[in-house]
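To keep things clear, I will list the structure first and then write my remarks on it.
No experiment lies behind these values; they were computed from the predicted model shown.
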Amino acid sequence: MDFQFSDEQKMMVDSARQIGERFGLEYWRKQDAAKAFPAEYWKAVCDAGLCGAALPVEHGGSGLGMMELALIVESLAATGGGSTVGQLFMINPIFGGVSISRFGNDKMRAELLPKIISGEINCCMALTEPDAGTNTLELKSFAAADGDGWRLNGRKIWITGVESASKMLVIARTKKITEASSRTDGLSMFMIDVKREGLSHTPIDKLGTCTLDSSSVFFDNVRIEPDELIGTLHKGWRELLDVLNTERIVTTAGLVGTGELAIRLAVDYAKDRKVFGDRPISAYQGLQFPLAQCHVEVEAARLLNHKAATNFDMGLPYGSEANAAKLLAAQTVARATERAMQTMGGMGYAKDYHVERLWRDCRLFRFAPVSEEMILNYVANHDLGMPRSY
């Protein structure tokens with residue numbers, strides 16, 4: 001096992017760090033306040049070739065792997081973007097790029113991958129439903145056969161990035177559950193236009209991750225063309241898992257970078273702050289120990305996520321590592337941002353000092369894209385061999 005980065009990996013990390021530092025914390029504070037998509041930032045990321053790091057060379061990518069993508073996201077998050085950076089990579093090179101490169105048809109790859117990689121178009125994924133949150137197999141949205149295509153009806157909720165997206169990866173039933181051979185039978189994936197007759201969406205006002213909108217999406221007899229099918233008709237469940245588990249990797253990378261950033265902001269503040277005499281408050285063990293504990297746990301999540309990414313790149317099972325890393329990172333970074341605020345006292349509550357944004361944003365990931373309870377269910381069932389409880 002080699003923990004050293006290659007020269008190419010070091011170069012990508014340096015490039016990501018330079019872009020992140022060029023925009024910096026103040027850029028993100030302003031975008032958060034305006035609830036505005038970070039368009040200039042994402043264009044810079046794409047122009048540097050970072051969006052397409054793990055996507056095919058023949059369509060403009062670098063043909064590298066999830067390990068490189070994780071390193072990029074960590075660096076970008078740690079230089080100001082925080083956990084929202086993981087979402088940017090989630091909606092574009094994962095929901096758009098991975099689904100199309102692995103399961104899309106040749107026409108779709110040739111047409112859409114270069115545009116995703118260059119940042120010309122953004123993507124989103126419509127999976128979650130009001131009555132089927134983490135229980136994907138209970139989806140009600142249904143795409144009924146209509147000539148050589150389909151007609152889609154249903155509703156989705158908490159869909160990220162719809163307002164800035166051109167393409168939407170939709171997961172729907174194409175076979176009624178009463179006609180399916182199993183609960184996983186009859187699920188299919190489609191890549192459709194966001195601007196399409198019968199498709200509408202409304203924003204959800206929320207606590208954090210304000211630079212990326214969240215929406216309820218409605219499908220009213222939406223036409224889907226035959227060449228918009230992603231993967232295998234009725235057999236999309238297993239293919240979807242590859243999309244979802246790689247989503248875990250970039251989510252965790254964004255959290256790891258957030259933890260690194262929050263701890264650094266707290267330490268820098270504590271080194272300058274003096275309250276009782278000439279000693280900085282960073283000398284007090286009451287402040288040192290909690291931050292040190294968080295640092296250790298962030299590093300553990302980072303390494304576990306690197307293992308998940310490496311396993312994916314080597315074609316090995318990676319689901320357990322990806323889920324465990326996400327669990328550890330979400331819980332640890334929730335504490336790290338909280339402890340950073342506590343270290344900074346009142347200033348930790350002020351928007352000018354940035355930690356409150358990191359705290360608001362990272363809280364989402366204790367229940368999204370999969371809740372910690374469902375991850376623990378997975379670990380108990382798959383890793384410990386315990387009986388299913390739900």
Side chain to side chain, Glu321 and Asn311, heavy atoms closer than 4.5 Å:
yes
May I have all residue pairs that pass ring-ring contact (aromatic ring centres under 6.0 Å, His included) and include part of residues 105-161, sequence neighbours excluded?
Trp150-Phe190
Checking Ser141 against Glu129: is there a side-chain donor and acceptor pair closer than 3.5 Å?
yes
I'd like to know if Asp14 pairs up with Arg17 as an ion pair, taking the criterion as any Lys NZ or Arg NE/NH1/NH2 lying under 4.0 Å from an Asp or Glu carboxylate oxygen.
no
Spell out, as yes or no, whether a donor-acceptor pair under 3.5 Å connects the side chain of Thr252 to the backbone of Ile249.
no
Flag, side chain of Asp313 to backbone of Met66, donor-acceptor distance under 3.5 Å
yes
Chi angles and distances behind the salt bridge (charged side-chain N to carboxylate O under 4.0 Å, His left out) call for Lys35, Asp213
CA-CA 8 Å; Lys35 297 184 178 181; Asp213 61 281; over 6 Å; no
Quick check: Tyr41 with Trp28 (ring centres under 6.0 Å apart)?
yes
Is it true that the side chains of Ser214 and Lys206 contain a donor and an acceptor less than 3.5 Å apart?
yes
When you measure from the side chain of Ser371 to the backbone of Met374, do you find a donor-acceptor pair of N or O atoms at a distance under 3.5 Å?
yes
Which of these passes side-chain hydrogen bond (donor to acceptor under 3.5 Å, both in side chains) with Asp185: Lys235, Arg173, His234?
Lys235
Identify whether the distance between the nearest side-chain nitrogen and carboxylate oxygen of Arg223 and Glu197 falls below 4.0 Å.
no
Considering only heavy atoms from C-beta outward, does the side chain of Ser389 approach that of Asn377 to under 4.5 Å?
yes
Between Asp278 and Lys274, does any side-chain N to carboxylate O distance fall below 4.0 Å?
no
Main-chain N/O of Ser83 paired with Asp361 side-chain donor or acceptor, under 3.5 Å:
no
Check for me whether the distance between the ring centres of Trp42 and Phe89 falls short of 6.0 Å.
yes
Any side-chain heavy atom of Gln288 sitting closer than 4.5 Å to one from Ser282?
no
Using the salt bridge (charged side-chain N to carboxylate O under 4.0 Å, His left out) rule, collect all pairs that involve residues 370-390, keeping only residues at least two apart or in two chains.
Arg366-Glu372
If you apply the rule side chain to side chain contact (heavy atoms under 4.5 Å, CB included), what do you find for Met11 with Phe5, and how did you get there?
CA-CA 10 Å; Met11 184 175 65; Phe5 297 152; over 6 Å; no
Would the distance check show the side chain of Glu297 and the main-chain N or O of Cys294 forming a donor-acceptor pair, the cut-off being under 3.5 Å?
no
Is it the case that Ser118 and Lys115 place a side-chain donor and acceptor less than 3.5 Å from each other?
no
Any carboxylate oxygen within less than 4.0 angstrom of a Lys/Arg side-chain nitrogen, looking at Arg302 and Glu74?
yes
Look at the rings of Tyr378 and His382 and say which category their plane angle falls in: under 30° parallel, 30 to 60° tilted, over 60° perpendicular.
parallel
Salt-bridge contact Arg109-Asp106 (side-chain N to carboxylate O under 4.0 Å)
yes
